[in-house]
Amino acid sequence: LGAAPLRVRLRRGGESLQPLGQAHRRTLKRLLQEAGVPPWQRGRLPLVYLGERLVAVADRWLEAGCAAAPGEAGLALQWDDHGSGVN
């Protein structure tokens, strides 16, 4: 992933990413609306940053170019929406 630190934050507004498998960058707001994520839950989703770059939204979306290649070491995110956060 690089030398930048991984950090977990909550939404601040204005975030965007290009989800893995999609051709274009999209706002997080639009992705959440289209996915039917309830408004009360949207602000609680953990956002994973590599330095200042948004690379994952809970276990829902991964930034294109951030997936581990076959046989390459990687990280797996699991989000528990019942209160404990990211595992």
Side-chain angles (χ1 to χ4, degrees):
L1 285 175
L6 278 176
R7 291 194 168 93
V8 178
R9 299 184 204 157
L10 296 177
R11 285 186 68 201
R12 295 179 181 170
E15 298 89 356
S16 67
L17 75 159
Q18 180 182 344
L20 185 64
Q22 295 189 18
H24 301 286
R25 188 163 208 79
R26 319 250 319 270
T27 65
L28 181 53
K29 178 179 179 176
R30 181 173 208 120
L31 287 168
L32 293 168
Q33 289 172 340
E34 291 175 357
V37 176
W40 61 266
Q41 193 179 48
R42 296 174 192 171
R44 295 179 48 216
L45 288 171
L47 307 182
V48 181
Y49 285 82
L50 179 60
E52 294 301 314
R53 179 181 177 197
L54 177 60
V55 295
V57 179
D59 55 0
R60 292 181 168 266
W61 295 287
L62 181 64
E63 172 75 17
C66 289
E72 183 180 28
L75 299 173
L77 299 177
Q78 179 181 358
W79 179 59
D80 176 0
D81 65 350
H82 298 290
S84 65
V86 176
N87 294 321

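Only heavy atoms go into these numbers, but all of them, side chains included; no hydrogens, no water, no symmetry mates.
Although no hydrogens or angles enter the test, the distance criterion places a donor-acceptor pair under 3.5 Å between the side chain of Glu15 and the main chain of Gly13.
Taking the salt bridge (Lys or Arg N to Asp or Glu O under 4.0 Å) definition, one finds that Arg9 meets it with Glu52, sequence neighbours left out. For the side-chain hydrogen bond (donor to acceptor under 3.5 Å, both in side chains) test, residues two or more places apart in sequence or in another chain that qualify with Ser16 are Arg25.
To the nearest 0.5 Å, atom CH2 of residue Trp61 and atom CG of residue Leu54 are 10.5 Å apart.
Under the 4.5 Å side-chain contact rule for hydrophobic residues, Tyr49 and Leu62 do not share a cluster. There is a path of hydrophobic side-chain contacts, each under 4.5 Å, that joins Leu6 to Val8.
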Would you list the atom pairs, donor with acceptor, under 3.5 Å between side chains in residues 30-38 and any protein atom, with sequence neighbours excluded?
{"residue": "Arg30", "atom": "NE", "partner": "Glu34", "partner atom": "OE2", "Å": "2.9"}
{"residue": "Glu34", "atom": "OE1", "partner": "Arg26", "partner atom": "NH2", "Å": "2.1"}
{"residue": "Glu34", "atom": "OE2", "partner": "Arg26", "partner atom": "NH2", "Å": "2.9"}

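For the pair Arg11/Leu47, a side-chain contact is recorded, criterion being any heavy-atom separation below 4.5 Å from C-beta on. A heavy-atom distance below 4.5 Å is not found between the side chains of Gln18 and His24.
The shortest heavy-atom contact between Arg53 and Ala64 is NH2-O, 3.4 Å. For the pair Leu45 and Ala58, the tightest heavy-atom approach, listed with the atom from each and the gap, is CD2-CB, 3.9 Å. Considering every non-hydrogen atom in both Ala68 and Gly74, the closest pair reads CB-CA, 4.0 Å.
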